[in-house]
Amino acid sequence: MRNMTGATKSEVLIGLVIAGAIGVGVWSLVLIEHKDQASSGLGAAYQYDVSSLAYIDPDLILYDALPLVIETGYLNARSVCVDHRGQVFVAGDQTVRVFKQDGNLIRTLMSPGPSYCVTVAPDDRVFVGKKDHVDVFGPDYKLETAWPSLGQDAVITSLAVTGTQVFAADAGHREVVVYDLTGQVVTRFGQASDDQGFDGIIVPSAYFDLVLSQDGLLRVVNPGRLRVDAFTPEGQYEFPWGKPGNDIAGFCGCCNPCALAVLPDGGFVTAEKGLMRVKVYNSDGGFEGVVAGPVELQVRIEPKICRTPDECRANALDVAVDQAGDIYVLDTEHAQIRVFSKRKTND
Amino acid sequence: MTQDKPDKEPMGRRKFLKEGMWGACLAGLGATAGLTARHESHANLVWQIDPQVCIQCGKCATHCVLDESAVKCVQSYAICGYCDLCYGYLKPEPPALDTGAENELCPTGAIIRTFVEDPYFDYTIDESLCIGCAKCVKACAINGNGSLYLQVRHDRCVNCNECSIAAACPSGAFKRVSAAQPYLLKEME
């Protein structure tokens, strides 16, 4: 009996020692892991909390992501537009790729130089912004002509076209250039003008978008002032809308909104870079709701490790709308397009 | 009939010691040459932060062997947007867009904001106040153009052989660079 008790005691002791050793081992691993990821030791005053900025009230989200994701295949995807047939045009690298709505690549439009933006006229001619000039492709998608350069500092970041005019947003010169359909420059505007009560377009970095709205006015992003300005096609300043701010109705960060598109009902879609948000506003510029935030766009807003400076900067969005009102969001970092459709309500 | 050659002469104790000594001498010479070369190469290298790899963790402020970190925030004036609503300078929801301390993001007030012309403001770093915490760098990287970034200032850095910050850096942003080009500057493309 005494022997059995002694044996039991020693077994218990050995068990305790082994359990203790395992415990110490696990604790050490946890400690090492924790130490590796430990914060700097600085207090809360030295931390920059991104999560609170990125939070979006779910009740404000009016759109759902469709399961389709279009992989553009570009290293540098820059701009998206959708034509009246529902074909998706994406400018990136040195080309423009045309996709069907199911994401299948139909064709590639090639011309020398980097492609920055693209728009399609009602007659199916395709206008491509090639940094400092515009290339024009015919309805057969063959290159017809290259318009003269706007100068080596020009950076054409957006195009819009009517039956008689083409509007180019030149971020390099911080102005809108108006062409006729033969490529002749008709006028330029965007500079501050006391006569018009306009304080000028400010473009801190190459995010400068414009669209033609259904009221016949041109809506031009004024990214340095975090607002959108309305002009007549002749360049007369009309009115602004939008305000700076991290709140959901405002435009935050540097150079926002970075992209703009028109909805079939005359409203607008805006995209913001940095704290990535896609939102809808009514035709008067009143905030209506959210299409997607960082969660829905599946993007991180923490700083990342980049291989090149371009990679660090390629974290913007572009937006386009098709005739059904679905919103195409180009994530330039991942060169993907996500499609969002208005949420069906039971009302 | 073939006769097998003996494989090798058996190794005697004297021969073992003799050859061992030669081997040790050669290894010693090699090690000395290697260490000398390493010392020489390190003498021409200094520590620096690769701004593309830095994730603004804040450890530069706390892991330097110096009381005041050798890492400071620097400004790339070519990249800066000179914005009125500067996220590197202002708190996320500032009560006002001005230089009031209650609006400033930097906990030590190390960024100086100066009006240039409407709507531009110039932002410079007061290095005597900057502790290298990277709070402004992170805000600028997320919301702005990323013109603010951290660099090891070589008028302060003592160039330790084993840099304490490099050992703690979670992203591997610390690297040795040529002393002839001791800064990894952010520039416009």
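Basis for what follows: all heavy atoms, side chains included, without hydrogens, waters or symmetry-related copies.
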Exercise. Could you tell me the separation between the SG atom of B:Cys163 and the CD1 atom of B:Ile49, rounded to the nearest 0.5 Å?
Key: 8.5 Å
Quiz item: If you draw a 6.0 Å radius around NZ in A:Lys243, do more than 12 non-hydrogen atoms from other residues or ligands fall strictly inside?
Solution: yes
Quiz item: Should we count CG of A:Asp49 as having more than 12 external heavy atoms under 6.0 Å?
Solution: yes
If you tally heavy-atom pairs under 4.5 Å against chain A, which of [options] wins?
options                                : answer
B:Ala61, B:Cys80, B:Gly81, B:Pro107    : B:Pro107
B:Pro119, B:Gly144, B:Gly172, B:Ala134 : B:Pro119
B:Asp84, B:Asp118, B:Val137            : B:Asp118
B:Leu105, B:Asp50, B:Thr62             : B:Thr62

Self-check item: Ring center gap for A:Phe287 and A:Tyr281 short of 6.0 angstrom
Solution: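 Centroid distance A:Phe287-A:Tyr281: below 6.0 Å, so yes.
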Quiz item: Would you say the ring centroid of B:Tyr82 lies under 6.0 angstrom from that of B:Phe121?
Solution: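 Here the rings of B:Phe121 and B:Tyr82 have centres that are no less than 6.0 Å from each other.
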Heavy-atom contact with chain A under 4.5 Å, split by part of [X]:
X        : value
B:Leu97  : neither
B:Cys133 : both
B:Gln56  : side chain
B:Tyr120 : side chain

Quiz item: Does B:Lys72 pair with B:Glu127 as a salt bridge, N-O distance under 4.0 Å?
Solution: no
Quiz prompt | Proximal component of A:Leu275, with respect to chain B [non-hydrogen, under 4.5 Å] | solution =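 Both the backbone and the side chain of A:Leu275 come within 4.5 Å of chain B.
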Self-check item: Toward chain B, the part of A:Glu272 with a non-hydrogen atom under 4.5 Å
Solution: neither
Practice problem: Apply ring-ring contact (aromatic ring centres under 6.0 Å, His included) to A:Phe198 and A:Phe231, showing your working. | Solution: CA-CA 11 Å; A:Phe198 180 57; A:Phe231 294 88; 5.2 Å; yes
Exercise. Could you check which of A:Cys255, A:Gly224, A:Gly200, A:Cys252 has the highest count of heavy-atom pairs closer than 4.5 Å to chain B?
Key: A:Cys252
Practice problem: Scan side-chain atoms only and decide if A:Gln298 and A:His334 contain a donor-acceptor pair under the 3.5 Å cut-off. | Solution: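 Note: A:Gln298 and A:His334 side chains miss the donor-acceptor criterion.
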